[in-house]
2 protein chains.
Amino acid sequence: MSKQFTIQQISQITGLTAHTLRYYEKIGLLDGVARNESGYRKYRESDLLWIDFLIRLRETRMPISEMKQFSDLRSQGKATIKERRTLLERHQNKVTKQIADLKENLLKIEHKIAHYKALEEEDI
Amino acid sequence: MSKQFTIQQISQITGLTAHTLRYYEKIGLLDGVARNESGYRKYRESDLLWIDFLIRLRETRMPISEMKQFSDLRSQGKATIKERRTLLERHQNKVTKQIADLKENLLKIEHKIAHYKALEEEDI
DNA sequence: CATTGCTTTAGAGTGCGCTCGAACGTGTAG
DNA sequence: CTACACGTTCGAGCGCACTCTAAAGCAATG
């Protein structure tokens, strides 16, 4: 029998607040979180893994609307695997571009820092 | 005598809308944009360079409040160069971390894609 | 069996970064 | 002179992603 978690535990593990976890469930990012007899949520290991993946999508700037699309495909079962892969590959490209752009911007920032250093030297 | 630009030209060059350019000026990110006799903005080359740098800060997720701080230091002249450098160095660290995080997340996304591919193979 | 602290829901509120609209002035082509 | 495109200001509105509140129920401790 696999471990179960309360909303607070999931909150601590993932860093999302309980509010955000309920919100994600409400908008359909988390499907079918189980409940105990009194209606309290009990998260399974699989929920945790899914939430962790959602966090990665969010950190790579996937909009919630797209995360929702992806979640919807997921809950439709294995018939949608190809479609999910396509969606992820499109996102992969965007992330790759983000990294390239950040690197370019980082260079410019570093140049500016170097420029400031030079100006500081002059004034000694 | 250096070239001057209308707000529409700056908009086309930078990709910011005229609305956004006015907004940035209003909140103090753009200091002292010149005007012609009838009150129309005329941007100089130096304004353009500054706007481009602001865009880089924005693309690297610097919040507007921090961009404002930086702008304010800038308009106080060369006495603030050291402070500006410090601010940029802090930001540089954040950007470096962003890149590392994105790379890690990209890996996980790629693993998921590979996993989907494997599942697709199974079903042939 | 009372207190304290956790859970639930629905719905309202917030902060960020724009984005737009209204009302009005300017510049230029026919 | 008349369109009509482009400029101005001020303030309101918007989309996103949470974030919080209120009112109520459940759980654990002394």
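So that the names make sense, note that chain A is the first sequence line, chain B the second, and so on, each numbered from 1.
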Do the charged groups of A/E121 and A/K117 touch, with an N to O distance under 4.0 Å?
no
What I want to find out is whether B/E104 reaches B/K108 closely enough, with some N-O distance under 4.0 Å, to be called a salt bridge.
no
Rounded to whole angstrom units, what separation is found between the CG atom of B/L21 and the P atom of C/dT19?
12 Å
In whole angstroms, how far is the C1' atom of C/dC20 from the CG atom of B/L16?
17 Å
Does B/K42 reach a base, just sugar-phosphate, or nothing at all? Heavy atoms under 4.0 Å.
nothing
Salt bridge or not for A/E45 and A/K3, using N-O below 4.0 Å?
no
Taking the basic N atoms (NZ, or NE/NH1/NH2) and the acidic carboxylate oxygens, is any pair closer than 4.0 Å for A/R56 and A/D52?
no
Closest nucleotide among C/dT8, C/dT7, C/dC18 to the B/Y24 side chain:
C/dC18
Look at A/Q8 and C/dC6 and indicate whether a side-chain polar atom (N or O) is within less than 4.0 Å of OP1 or OP2.
no
Rounded to the nearest Å, what distance is computed from the CZ atom of residue B/R58 to the P atom of nucleotide C/dG17?
10 Å
Residue met sooner reading DNA chain C from 5', once B/H19 and A/Q9 are mapped to nucleotides:
A/Q9
Distance check: side-chain N/O of A/S38 vs OP1/OP2 of C/dT7, anything under 4.0 Å?
no
Looking only at side-chain N and O atoms, does B/R22 come under 4.0 Å of OP1 or OP2 in C/dC20?
no
For the pair made of CD in A/E25 and P in C/dA10, what is the distance, rounded to whole Å?
11 Å
Return the nearest nucleotide to the side chain of B/I64; candidates are D/dC18, C/dG17, C/dG11.
C/dG17
Using the closest heavy atom to pick a nucleotide of DNA chain D for each, name whichever of A/E37 or A/Y23 lands nearer the 5' end.
A/Y23
Given C/dG11, C/dC18, C/dT8, identify the nucleotide with an atom nearest to the side chain of A/R35.
C/dT8
Gap between atoms CD and C1', on A/E59 and D/dC18 respectively (whole Å)
16 Å
From CG of A/L57 over to P of D/dA17, roughly how many Å is that when rounded to an integer?
12 Å
SB check A/R35 A/E25 (cutoff 4.0 Å):
yes
Pairwise 5' ranking along DNA chain D for A/N36 and A/K26, keeping only the more 5' one
A/K26
Taking D/dG25, C/dT8, C/dG17 as options, the one with an atom nearest any side-chain atom of A/Y40 is D/dG25
Can you measure A/R61 atom CZ to C/dC16 atom C1' for me and round it to whole angstrom units?
14 Å
Starting from C1' on D/dC16, measure out to CD on A/E66 and report it in whole angstrom.
15 Å
Phosphate contact (D/dT8 OP1 or OP2) by B/R41 side-chain N/O below 4.0 Å:
yes
